[in-house]
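A short worksheet on the structure shown next.
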Amino acid sequence: MPELPEVETTLRGIEPHIINKKLEKVLIHNAKLRWPIPKQVKKLEGKTVVKLMRRAKYLQVFFDDGQSAVWHLGMSGSLRICSAFEERKKHDHVEWQFDQDTVLRYHDPRRFGALLWANLGEEPEQFDNLGPEPLPIYQETTEFSGEWLFERSRKKTSPIKTFIMDNKNVVGVGNIYANESLFHAGIKPNKPAGRVSKQKYMQLAECIQDVLAKAIKQGGSTLRDFVGGDGQPGYFQQELFVYGRTGEPCKVCGSKIKEEKIGQRSTFYCGRCQR
DNA sequence: CGTATCTCCTGCAAGC
DNA sequence: TGCTTGCAGGAGATAC
């Protein structure tokens with residue numbers, strides 16, 4: 001399940017293959033993704049890729065006329081480069097053919113992903129309510145910080161885990177990294193966001209950044225569906241301290257990792273290390 | 001407005 | 001073995 005680091009890894013994986021190349025052919029085998037693929041995407045044929053950027057979990061590809069296509073990998077989506085002669089797999093929904101050795105294929109069994117469209121100087125409306133980037137990769141700075149989270153969270157009664165998974169507060173933190181960040185910050189996931197101290201938010205902001213940066217460094221982690229941009233299986237998987245470790249001993253204190261549902265999502269934590 | 005729940009989809013695993 | 005059921009989850013939609 002691609003989170004921010006996996007999207008960043010995908011971008012870095014495909015960029016060298018498609019930058020400054022002309023898109024010769026667009027094949028849409030199944031336009032029914034999360035939203036129907038806009039027909040403008042077909043008109044990308046003949047245009048050249050000039051830049052790739054990531055915003056939250058969106059991967060934006062700019063062409064030489066200033067227009068852009070925006071991928072979202074959803075739950076099970078992946079982008080990879082392959083040869084034109086490689087047999088298409090089930091759930092390969094979209095192909096961008098640059099040359100015989102350079103075909104970008106979008107694979108997505110669950111079709112929670114999307115391919116969006118943006119005109120020159122515009123962004124998809126999905127970008128409208130996005131909060132700050134946790135890592136200043138595409139800007140020099142980011143307004144994301146412990147202070148930011150603290151101020152945003154005042155009087156919020158929902159659990160801290162739900163709070164950091166809300167794109168309006170910080171983008172790119174999905175279930176795995178939310179669980180891991182909260183463990184490293186020593187915060188119980190169900191603690192109301194408004195009752196977490198400023199000091200704890202300072203720690204949490206740092207942990208979120210560390211966990212994401214580490215995952216990017218390791219090439220993105222994932223559980224089952226991600227395939228790296230170069231077609232390498234994405235099972236790099238950084239060491240997980242709590243996610244999926246129900247009943248196993250905490251790597252810090254040895255007590256059993258607990259599991260419960262928060263906002264319909266599986267949540268893992270150490271009852272001793274997290275308060 | 002904030003908060004909680006539902007929803008899309010397919011593959012996999014567990015249970016009978 | 002073969003069925004049914006439930007679960008995984010990003011994030012928009014919907015309901016209160």
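Below, read A as the first sequence line, B as the second, and so on, with proteins coming before strands; counting in each chain starts at 1.
- Of the candidate nucleotides C:dG10, B:dA4, C:dG9, C:dG9 has the atom nearest to the side chain of A:M75.
- Atoms CH2 (A:W35) and C1' (C:dG12) sit 6 Å apart, rounded to a whole Å.
- Within 4.0 Å of A:R265, counting heavy atoms only, lies at least one base atom of the nucleic acid.
- Between A:E3 atom CD and C:dG9 atom P there is a gap of 9 Å when expressed in whole angstrom units.
- OP1 or OP2 of C:dA8 has at least one side-chain nitrogen or oxygen of A:K261 nearer than 4.0 Å.
- Taking atom CG of residue A:L73 and atom P of nucleotide B:dC8, one finds them 22 Å apart after rounding to whole Å.
- Within the 4.0 angstrom heavy-atom criterion, only backbone atoms of the sugar-phosphate kind lie near A:S266; the bases stay farther away.
- Salt bridge present: A:E45 and A:K42 bring a charged side-chain N and a carboxylate O closer than 4.0 Å.
- Contact annotation: A:H72 reaches the phosphate of C:dA11 (side-chain N/O to OP1 or OP2, under 4.0 Å).
- A:F163 has its CZ atom 10 Å from the P atom of B:dT3, to the nearest Å.
- OP1 and OP2 of B:dC9 both lie 4.0 Å or more from every side-chain N or O belonging to A:H91.
- Distances shorter than 4.0 Å separate none of the side-chain N or O atoms of A:K155 from OP1 or OP2 on B:dG2.
- As a whole-Å value, the separation of A:R111 CZ from B:dG11 P is 10 Å.
- Rounded to an integer number of Å, the gap from A:Y177 OH to C:dA11 P is 14 Å.
- When the P atom of C:dA11 is taken as reference, atom CG of A:L33 falls 15 Å away, rounded to whole Å.
- Under 4.0 Å is where a charged nitrogen must lie from a carboxylate oxygen, and between A:E133 and A:R54 at least one such pair does.
- Between the side chains of A:Y269 and A:E260, a donor-acceptor pair is found at a separation under 3.5 Å.
- OP1 or OP2 of C:dG9 has not a single side-chain nitrogen or oxygen of A:R110 nearer than 4.0 Å.
- A:F127 has its CZ atom 14 Å from the C1' atom of C:dA11, to the nearest Å.
- Using a 4.0 Å heavy-atom cutoff across all strands shown, A:K168 reaches no nucleic acid atom at all.
- Both A:F112 and A:K156 lie near DNA chain B, and the one whose nearest nucleotide falls closer to the 5' end is A:K156.
- Among the atoms of the strands shown, none is found under 4.0 Å from any heavy atom of A:D166.
- Nucleic acid contact class of A:K32 (heavy atoms, under 4.0 Å, all strands): none.
- The A:E259 side chain lies nearest to C:dA8 when the options are C:dA8, C:dG9, B:dA4.
- Ring to ring, A:W71 and A:Y58 are not that close: their centroids are 6.0 angstrom or more apart.
- Residue A:S76 places none of its side-chain N or O atoms closer than 4.0 Å to OP1 or OP2 of B:dT10.
- Counting any heavy atom pair closer than 4.0 Å across all strands shown, A:Y58 reaches sugar-phosphate atoms only and no base atom.
- Remark: A:K21 fails to qualify as a cation-pi partner of A:F98 under the 6.0 Å distance and 45° angle criteria applied to the six-membered ring.
- Residue order along DNA chain B, read from the 5' end via each residue's closest nucleotide, puts A:P159 first among A:P159 and A:R34.
- With 3.5 Å as the limit, one finds a donor-acceptor pair spanning the side chains of A:R152 and A:N169.
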